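Let me begin by presenting the structure, written as structure tokens, before commenting on it.
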Amino acid sequence: MKIPLSPLGLGCAQLGNLYHAITDETAEATVRQAWDEGIRYFDTAPHYGLGLSERRLGAALSAYPRAEFVVSTKVGRVLEPDPEGASRTDSQGFVVPAAYKRRWDFSRDGILRSLEDSLERLGLDRVDVVYVHDPDEHFEETVDGAFPALLELREQGVVDAIGAGMNQAPMLAEFVRRFDLDVILLAGRYTLLDQPALDDLLPLCAERGVDVVAGGAFNAGILATATPGTMYDYAEAPTELVERAQRIADVCARHGVELPQAALALPAAHPSVVSVVVGAHDPGQVRLNAERFRRPVPRELWTDLIRAGLLREDTVLREEGQP
């Protein structure tokens with residue numbers, strides 16, 4: 001089932017205190033700013049802040065009509081109470097007490113429990129999209145347990161759309177081949193710096209009519225500012241990658257385009273991409289990203305990047321004038 005997603009979506013990992021803590025009030029204001037900017041698609045997961053992201057998102061969205069927004073969450077990690085961890089901070093990048101522990105579970109029972117727990121945290125009676133989350137080391141369990149369970153839930157009308165969310169393209173392509181998926185969430189693998197999804201995944205999605213949500217457009221920081229940052233995919237970027245990003249920024253500048261503006265525009269220009277999901281720690285970041293997203297990027301920029309060897313020649317752009 002095709003789900004209408006707003007072209008720009010809010011990724012809600014930051015609502016789970018990714019990297020640094022924010023207040024409940026800031027989280028609510030961030031969602032409210034997203035709504036004011038026309039964003040109607042919100043993506044979360046139990047992993048984000050050990051459920052904190054889901055709780056905060058659900059509380060913020062309770063102010064709006066349910067029929068007017070789309071929520072996706074993820075399955076594959078079940079949260080279990082860990083009272084002994086409450087005095088420690090979570091070790092996976094979220095500034096929250098480790099009062100729960102994540103347990104990988106891609107079985108049918110695990111999927112059903114994960115979704116039920118997510119609905120309780122969100123305060124919703126349904127979510128629109130469910131993704132299998134990061135099954136990199138769990139391929140067989142996902143094939144045998146997770147996707148059959150999600151297909152059953154979709155057939156029963158419990159969820160509207162199913163898919164997978166990953167930071168890699170090859171396994172996503174294999175899932176698209178094997179299952180009748182509606183949408184995938186591809187993080188960081190179709191960006192200004194990295195386009196391996198063009199090899200197989202994006203052509204396959206176009207062939208099979210699978211929608212693509214693009215995440216990680218800034219590659220976790222290096223493309224988020226006009227002058228390239230130093231973080232790439234949650235680690236220190238190699239010098240040569242920073243230099244490449246600077247060369248891209250120089251070409252962008254000749255067209256009057258900032259690097260982060262181009263970073264958002266590239267995935268949005270692919271015909272199979274229906275939404276670009278970007279996170280934010282505060283309302284100001286939402287406002288800035290929405291402004292960048294709305295600014296048009298000249299088609300000649302992509303041509304010049306290809307000619308300079310900074311963008312793949314097989315980059316696919318949607319026809320001008322098409323949504």
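Quick note: numbers below take in every heavy atom, side chains included, and nothing from hydrogens, waters or symmetry partners. Just so it is clear, the structure is predicted and the values come from calculations on it, not from any experiment.
Nearest approach of Ala217 to Val276, heavy atoms of both residues: CB-CG1, 4.4 Å. Residues Lys101 and Pro81 share a closest heavy-atom pair of CE-O, 4.5 Å. Looking at every heavy atom in both residues, Ser275 comes nearest to Ser6 through OG-O, 2.7 Å.
Taking a 6.0 Å sphere around CD of Glu84, one finds it holds 12 or fewer heavy atoms contributed by other residues, nucleotides or ligands. More than 12 heavy atoms of other residues, nucleotides or ligands lie within 6.0 Å of CZ in Arg103, so this atom counts as buried by the packing criterion. Heavy atoms from other residues, nucleotides or ligands lying under 6.0 Å from CD of Glu120 number 12 at most. Crowding of Glu313 atom CD: a count of heavy atoms from other residues, nucleotides or ligands under 6.0 Å not exceeding 12. The neighbour count for Tyr100 OH, taken as heavy atoms of other residues, nucleotides or ligands under 6.0 Å away, does not exceed 12. More than 12 heavy atoms of other residues, nucleotides or ligands lie within 6.0 Å of OH in Tyr19, so this atom counts as buried by the packing criterion.
No side-chain donor-acceptor contact under 3.5 Å links Asn17 to the backbone of Gly49. Judged by distance alone, with hydrogens and angles left aside, the side-chain atoms of Arg56 form no donor-acceptor pair with the main-chain N or O of Val31 at under 3.5 Å. Arg312 places a side-chain N or O within donor-acceptor distance of the main-chain N or O of Gln195, the cut-off being under 3.5 Å. Judged by distance alone, with hydrogens and angles left aside, the side-chain atoms of Gln33 form no donor-acceptor pair with the main-chain N or O of Ala29 at under 3.5 Å. Listed for the Arg55 side chain is no donor-acceptor partner under 3.5 Å among the backbone atoms of Gly58. With hydrogens and angles disregarded, no donor-acceptor distance shorter than 3.5 Å links the side chain of Ser114 to the backbone of Gly110. Proximity of a side-chain donor or acceptor of Glu54 to a complementary backbone N or O of Leu57 within less than 3.5 Å is not detected. For Arg244 (side chain) and Leu310 (main-chain N/O), a donor-acceptor pair under 3.5 Å exists by modelled atom type.
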Step by step, would you call Arg102 with Glu80 a salt bridge (Lys or Arg N to Asp or Glu O under 4.0 Å)?
-> CA-CA 6 Å; Arg102 304 167 178 87; Glu80 297 180 334; over 6 Å; no
Applying ring-ring contact (aromatic ring centres under 6.0 Å, His included), run through Phe94 and His47 and close with a yes or a no.
-> CA-CA 9 Å; Phe94 297 92; His47 172 55; 5.3 Å; yes
Stepwise, does the side-chain hydrogen bond (donor to acceptor under 3.5 Å, both in side chains) test hold for Gln246 with Asp250?
-> CA-CA 6 Å; Gln246 184 58 60; Asp250 292 342; 2.9 Å; yes
Does the salt bridge (Lys or Arg N to Asp or Glu O under 4.0 Å) test come out yes or no for Arg113 and Asp105, once each step is laid out?
-> CA-CA 10 Å; Arg113 175 180 167 182; Asp105 193 340; over 6 Å; no
Start with the C-alpha distance between Phe139 and Phe175, add both sets of side-chain angles, then the distance that settles ring-ring contact (aromatic ring centres under 6.0 Å, His included), and finish with yes or no.
-> CA-CA 9 Å; Phe139 179 78; Phe175 291 147; 5.6 Å; yes
Please step through salt bridge (Lys or Arg N to Asp or Glu O under 4.0 Å) for the pair Asp180 and Arg154, ending with a clear verdict.
-> CA-CA 11 Å; Asp180 177 25; Arg154 186 181 65 186; 3.1 Å; yes
Would you sort out whether Glu174 and Arg178 count as a salt bridge (Lys or Arg N to Asp or Glu O under 4.0 Å), showing the intermediate values?
-> CA-CA 6 Å; Glu174 187 60 27; Arg178 291 185 180 221; 2.8 Å; yes
Residue pair Thr73, Tyr131: steps toward the side-chain hydrogen bond (donor to acceptor under 3.5 Å, both in side chains) verdict = CA-CA 6 Å; Thr73 193; Tyr131 298 111; over 6 Å; no
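Criterion: ILVMFWY side-chain heavy atoms under 4.5 Å apart, direct or through other members. Under it, Val132 and Val158 are part of a common hydrophobic cluster. Hydrophobic cluster membership differs between Trp35 and Leu288, with clusters built from Ile, Leu, Val, Met, Phe, Trp and Tyr side chains linked at under 4.5 angstrom. Tyr48 and Ile39 end up in different hydrophobic clusters when Ile, Leu, Val, Met, Phe, Trp and Tyr side chains are linked at under 4.5 Å. Hydrophobic clustering, with ILVMFWY side chains joined whenever heavy atoms are under 4.5 angstrom apart, keeps Val316 apart from Leu172. No path of Ile, Leu, Val, Met, Phe, Trp and Tyr side chains, each step under 4.5 Å between heavy atoms, connects Leu79 with Val71, placing them in separate hydrophobic clusters.
His270 and Arg318 share no side-chain donor-acceptor pair at under 3.5 Å.
Between Asp304 and Arg307 there is a salt bridge, since at least one side-chain N of the basic residue sits less than 4.0 Å from a carboxylate O of the acidic one. Ion pairing between Arg189 and Asp199 fails under the 4.0 Å rule for side-chain N and carboxylate O. Looking at Arg108 and Asp144, no side-chain N of the basic residue comes within less than 4.0 Å of a carboxylate O on the acidic one, giving no salt bridge.
At a threshold of 4.5 Å between non-hydrogen side-chain atoms, the residues Leu115 and Val159 count as touching. Considering only heavy atoms from C-beta on, Val183 comes within 4.5 Å of Val213 through its side chain. With a 4.5 Å cut-off on side-chain heavy atoms, Leu223 and Pro228 do not count as touching. The shortest side-chain heavy-atom distance between Leu50 and Asp90 falls under the 4.5 Å cut-off. Side-chain contact between Leu52 and Leu15 is absent, with no heavy-atom pair separated by less than 4.5 Å. Put simply, the side chain of Val278 does not reach to within 4.5 Å of the side chain of Phe293, judged on heavy atoms. In this structure the side chain of Thr89 never reaches within 4.5 angstrom of the side chain of Val96, judged on heavy atoms.
Checked against Leu153 for a side-chain contact (heavy atoms from CB on, under 4.5 Å), the options Asp160, Val75, Leu112, Val130 give a single hit: Leu112. For the side-chain contact (heavy atoms from CB on, under 4.5 Å) with Lys74, the lone residue among Asp43, Thr44, Val129 that qualifies is Asp43.
Judged as a side chain to side chain donor-acceptor pair (under 3.5 Å), and not counting sequence neighbours, the contacts of Asn219 are Thr191, Asp233.
How far CG of Leu266 is from OG1 of Thr315: 6.5 Å, rounded to the nearest 0.5 Å.
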